[in-house]
Structures are given as C-alpha cells and as structure tokens.
There are 2 protein chains.
Amino acid sequence: MSTSPGTKGRPRADAQRNRDHILDIADRYFSEHGVSGSLDAIAKQAGVGAGTLYRHFPNREVLLAALLSARDNELESRRDAIRAESTNAASALELWLGALSDWASAFDGLPEPLRAATATGSSPLGITCQGYITTTDEFLHAAQREGSARREVRGKDLFLAALATSWVRGAAMADDFSAAALSSLSRNGWSTCAGAEASGSNGRTA
Amino acid sequence: MSTSPGTKGRPRADAQRNRDHILDIADRYFSEHGVSGSLDAIAKQAGVGAGTLYRHFPNREVLLAALLSARDNELESRRDAIRAESTNAASALELWLGALSDWASAFDGLPEPLRAATATGSSPLGITCQGYITTTDEFLHAAQREGSARREVRGKDLFLAALATSWVRGAAMADDFSAAALSSLSRNGWSTCAGAEASGSNGRTA
DNA sequence: GACAAAACGGAGAGGCTCTCCGTATGGTTT
DNA sequence: AAACCATACGGAGAGCCTCTCCGTTTTGTC
C-alpha cells in the first residue's frame, strides 16, 4: 500500500525516485508557504514536469496525506511514550490532545483540509484522521473509566477541538497565547467548576 | 462612513445603486457558494463589469465586511435582547457566544477570514471583530464579577472559541452534533468538575 | 539490442483575481 | 438646454493557478 502506481508489483526506479524527491521538496515548500502554496511551483522546484507531480499525487489532498503519512511514526511514537509515561488517564488524554494539536500545526493552514477530510471521511486524509480519532477515543475511554472525563464527550469532538486549537494558532495569529487558552478551555471550560451535567445540547439558539 | 468613494460628499446615484445591487447579489451568491465563490461571477450576475465590483470592494475581505455590516443590526439587537432577558450573567454569556457562533456561520467558510482578520486586526473585518470582542469582554466580565466565569479567560479567547465552534460546524460537516459538543466543551471542558485553578499555560508540549 | 510498458515533461485549456484606460454618464454651472 | 468635467463604468487582458493530454524518453526484460 501507498506507492501510487496501479495494481501490480513495485514501481519503476525513476518513478520511485521522483516520488520521494517531490515529497521532500513539498515538505519544505509547504513548511515555508503553508498548505496553499502553488503545486506547480513545487514541481518546478523539484525539477519535474507538472504532469509528473499530478500523476503521483492527483490533488493537493493526496499530496498532504502522503506528507503526513511520512510523519506518522513521529506521532505514533509520541502516543506510545504518553501511554508508557502517564500515571493517570486524564493527563495522558491531555498530552495526547496536545500532540494532535502540534501534529495539525505541521504546516500553516493544515487544520482546514484536516477538518474537511474528517467531515467527508473517505479520502486518504480522512482515513488518517479516522485513525487518530480512534486513538483519541481510547485515551478518552480510559479517562472516562477513571472518572476524570465527562461521559457525554466523544473522541471525535476532542479531535476536532484539537484541530480547532491548532486552527486558532494558525498563520498570522498575533497572539500565541490564545491557542493555549483554547486548549485549556477545551479541558476546563470557562464556567467555574461547572454544574457538571450541563444538559445535552446547547449552542444554536435561533 | 462606509460608502466607498473617496473623501467628499455623497456618491453619484448610479454608483450607489450599483454598490447596493452588488451587495445584494453577493449576499445571495456567498450564501449558495460559500465565501470562496468567484468574485467575477458575482460581477457578472450583478450585471456590472469586474472593474466596477473591484472599485467598490477592492478585495474579498472588504466585500465580506460590507456584507456583514449590513447584518450588524441583527446581531446587535440580539445582544440587546440577551441583556434585557437574561437573569444571570453566565447564561447571558452563553447566549451571546451562541449568537456569535451563528453570526460566523452566515456563509460557508466565513470563520476563516474572520480568524485571519482577528489576528491582523487593522482591516475592516478586523475592526468589526474587535467590536464584538469588546462586547464579549463585557459579558465575560459580568460573569466573572458574578463568580460564574473563570478569571484567567479573556474575551478574545471566547470570541475565537465561538469562531472555532462555527468552523467545526462548517461546510460539509457530516455531523452537526459536533458543533454543539464543541460549544459545550467551551463552557464545561471535558474534565469532570475540573480542579479549577488549572495552572496557566499548557497545550504545547514539544 | 530490441521492444513494450511505464513514466516523463511541458504546452495549453480554462478559471480566477485584479488593473488599466478609453468611454459613458451624472451633476452643475451658465 | 448646452456645455463641461469629475466620477463611474465595462471589459480586455496580464498574471497566476490547477490539471490534462499526448508525443517523447526511459526502464526493465527477453
């Protein structure tokens, strides 16, 4: 799984080389210009034709997914470290959400496609997100069993909250403090030691 | 304030007519296509040349700001209603945040430019946001005085949280429930009846 | 070395944003 | 009402972007 060419055996050597090289350049490029940077510019920087880039990565989302999957190991080892080191499920969950939020900050503007992919689901990015939502659920369930997390919260909601944290931090954000505030908000809410049960749905009023 | 042409007296009649008409069309168009829809298409639908559109609204952000300012009354009267009807500051704050979140959902994709404008500040959109942040601060301070909101939270953070709620609700979001979950998260956090003091900063780990 | 399959590259179609400037129009003045 | 000019109009087109198509080149195999 994961090398683009069709159904059969391994890709041709030049194809593999190009693919890897494009990935390298794209990583650097997105780091500098955000996820909205020009794909053609990436092709040019990589010294390949536009056709080559688009054959390997039919659209921006697929390219992003490939880029992120190259970083999978990092996040997964962080997950393992958290599991190993944490003494209680609540702080494990908190650390994991922080890790997710950092992950989603890998490139400027990344949270947006991640949210879109989470919503639609079936794309390669969506699969990736789904996996991490599952992990989030695991941490969350543990915390719930421990009694330190609310019952009505779902992993998906916390995942989105982590994305949102990263989104707030995004781009030209003048105030780095706000992201921390939001993640603290996600943990503690703004209400003083809330009435716990808080009913089910609020939010929309009209 | 607010009619685009330069420094002097009122604009020419045709200019005013075009401006209003463009605003009408743009409102409909953004409602159907989201804030990323094509500006040229709006000009065409409005039956004016691209130049005319861009003279009145030099860029997308300015157009959005004009569109939103046409809706100012709505949000402001909602604010007044909340002030009048609420019996306690906590629920007033909650209602206000809901109103903000609805406001930011006027068009698909609106939260993004709002966030960007909040960050950079000086644009017309930024001014608008700043005003609502101030209002948020008022509601928040009242709640803090009442003892029902945490001290360390700032209006700006709650404003961004409201935008984030709307952002999560955004576009193709398969799951409308998540937005409600996030706003509840913003109020109550995920931790059971938190240890209140929660220290200052957390979030970033690496 | 010869031959197909696989991959390449870049021209170009089509769409978007935004500018520029010759033309038309409103408002004012006589 | 005619003339005048500041103001506003429209749309061609420059420049950038995404993505496709297809003639040409490269690889791997026999």
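So you know, we letter chains A, B, ... as the sequences are listed, proteins then strands, and number each from 1.
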Determine whether B/Leu97 and B/Thr136 make a side-chain contact, defined as any pair of heavy atoms from C-beta on separated by less than 4.5 Å. yes
Check every atom of D/dG11, C/dC8, D/dC9 against the side chain of B/Ala50 and return the nucleotide holding the closest atom. D/dG11
Which nucleotide, D/dA8, C/dC8, D/dG10, lies nearest any side-chain atom of B/Ala15? D/dA8
With sequence neighbours left out, what residues match [X] under side-chain contact (heavy atoms from CB on, under 4.5 Å)?
| X | result |
| --- | --- |
| A/Ala46 | A/His21, A/Ile22, A/Ile25, A/Val48 |
| A/Ala92 | A/Ile82, A/Ser86, A/Phe139 |
| A/Asp14 | A/Arg12, A/Arg17 |

[X] [atom1] - [N] [atom2] separation (whole Å):
| X | N | atom1 | atom2 | value |
| --- | --- | --- | --- | --- |
| A/Gln16 | C/dA6 | CD | P | 16 Å |
| B/Arg17 | D/dC9 | CZ | P | 9 Å |
| B/Tyr54 | C/dC21 | OH | P | 19 Å |
| B/Leu63 | C/dC16 | CG | C1' | 15 Å |
| A/His21 | C/dC8 | NE2 | C1' | 15 Å |
| B/Arg10 | C/dG26 | CZ | C1' | 15 Å |
| B/Ile22 | D/dA8 | CD1 | P | 13 Å |
| B/Asn59 | C/dT19 | CG | P | 9 Å |

Can you find a donor-acceptor pair, distance only, under 3.5 Å between B/Arg60 side chain and C/dT17 base? no
Go through the N and O atoms of the side chain of A/Arg12 and the base of C/dA6, and report whether any donor-acceptor pair is under 3.5 Å. yes
Contact class for A/Ala13 vs. all strands (heavy atom < 4.0 Å): base, sugar-phosphate, or nothing? sugar-phosphate
Side-chain N or O of B/His56 versus OP1/OP2 of D/dC9: is the shortest distance under 4.0 Å? yes
Between A/Thr52 and C/dG9, is there a side-chain N or O to OP1/OP2 distance below 4.0 Å? yes
Can you sort out which residues in residues 36-46 of chain A have a heavy atom within less than 4.0 Å of DNA chain D? Ascending by number, please. A/Gly37, A/Ser38, A/Leu39, A/Asp40
Listed pairs under 3.5 Å, donor-acceptor, residues 28-36 of chain A side chains, sequence neighbours left out:
unit_1  : atom_1 : unit_2  : atom_2 : d
A/Ser31 : OG     : A/Asp27 : O      : 2.8
A/His33 : ND1    : A/Tyr29 : O      : 3.2

All salt bridge (charged side-chain N to carboxylate O under 4.0 Å, His left out) counterparts of B/Asp137, not counting sequence neighbours: none
I want to check a possible cation-pi pair here: B/Arg115 against A/Trp167, using under 6.0 Å from ring centre and within 45° of the ring axis as the test. yes
